[in-house]
Amino acid sequence: MATVKQLQTLFTKLGVTTDQRHQRIYAWTSGRTQSSKDLENDELIELCESLLNEFNKAKAKTEDEKKKKRSVVLTIATRTGIKSPNDWDTFNHFMLHSSVVKKSLNLCDLDELDTLIRQFRALEDNNKKSAQKTGTKAYWNQFGLQKPTEN
């Protein structure tokens, strides 16, 4: 059973302002009322279901965007040697101690992922420049080799 409180919660989760709430309720009731308190029970149930579907779609879209951005970060990390195909420890250590967000990749929100992508692209550019100099770590990594010891 849907309640006015649930309806208000859904509006809040969707980021709908008070004026927009009144407009949506007015449109939903075909001009009968603007107040959620004046909604009939069946209108309240249908509106809650509609808003819940809208919220779930928005959440799924956000998760898809996060997944794509995480993929970009991981791709660049693999190309630069921060992440090895079978080794997550080095990457996780980098994320916790050297990244701009200082937390695990799966805990980052969209804005933080954008910041991470910028950081990793800059790392990749610096790595390419460094690989041009013979004897640097980046130079040896481009060939898939470890830097020889000085002994």
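All values below were derived from every heavy atom in this structure, side-chain atoms included, with hydrogens, water molecules and symmetry-related copies excluded. We number each residue from 1, following the sequence as shown.
For the atom pair OG1 of T17 and CG of D19, the computed distance is 5.0 Å after rounding to the nearest 0.5 Å. Remark: Q8 CD to K37 NZ distance equals 8.5 Å, nearest 0.5 Å. One finds the CD atom of Q6 at 12.0 Å from the CG atom of L47 (value rounded to the nearest 0.5 Å). Interatomic distance, CG of N127 versus OG of S130, reported as 6.5 Å (0.5 Å rounding). Note: H22 NE2 to I25 CD1 = 7.0 Å, rounded to the nearest 0.5 Å.
By the 6.0 Å contact criterion, NZ on K102 is enclosed, its count of non-hydrogen atoms from other residues, nucleotides or ligands being greater than 12. Shown here is K59, whose NZ atom has no more than 12 heavy atoms of other residues, nucleotides or ligands within 6.0 Å. Surrounding CZ of F94 are more than 12 heavy atoms belonging to other residues, nucleotides or ligands, all under 6.0 Å away.
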* Kindly determine whether S84 and T90 satisfy side chain to side chain contact (heavy atoms under 4.5 Å, CB included), including the steps that lead there. => CA-CA 8 Å; S84 301; T90 308; 5.6 Å; no
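Shown here for N106 and R70, the closest heavy-atom pair between the two residues is CA-NE, 4.0 Å. The two residues R121 and I76 come nearest to each other via the heavy atoms CG-CD1, 3.6 Å. Across all non-hydrogen atoms, the minimal contact from R21 to F11 is NE-CB, 3.4 Å. Here the shortest heavy-atom pairing between F55 and L14 reads CA-CD2, 3.6 Å. Heavy atoms only, all atoms of each residue included: D109 and K66 are closest at CA-CE, 4.1 Å.
Test L74, L116, L105, L110 against K69 for side-chain contact (heavy atoms from CB on, under 4.5 Å) and you get one pass: L110.
One hydrophobic cluster, built from ILVMFWY side chains closer than 4.5 Å, holds both I117 and L123. Under a hydrophobic clustering in which Ile, Leu, Val, Met, Phe, Trp and Tyr are joined whenever their side-chain heavy atoms come within less than 4.5 Å, directly or via other members, W28 and L44 fall into the same cluster. By the criterion of side-chain heavy atoms lying less than 4.5 angstrom apart, applied directly or through intervening Ile, Leu, Val, Met, Phe, Trp or Tyr residues, V101 is grouped together with F91 in one hydrophobic cluster. Under a hydrophobic-cluster definition in which Ile, Leu, Val, Met, Phe, Trp and Tyr are linked whenever side-chain heavy atoms come within less than 4.5 Å, directly or via other members, V72 and V100 are assigned to the same cluster. If you chain together hydrophobic residues whose side chains sit under 4.5 Å apart, M95 and W88 fall into the same group.
In this structure the side chain of L39 reaches within 4.5 angstrom of the side chain of L7, judged on heavy atoms.
For D38, the side chain to side chain donor-acceptor pair (under 3.5 Å) partners two or more places apart in sequence, or in a different chain, are T33.
S36 and R24 are not linked by any side-chain donor-acceptor pair at a separation below 3.5 angstrom, with hydrogens and angles left out of the test.
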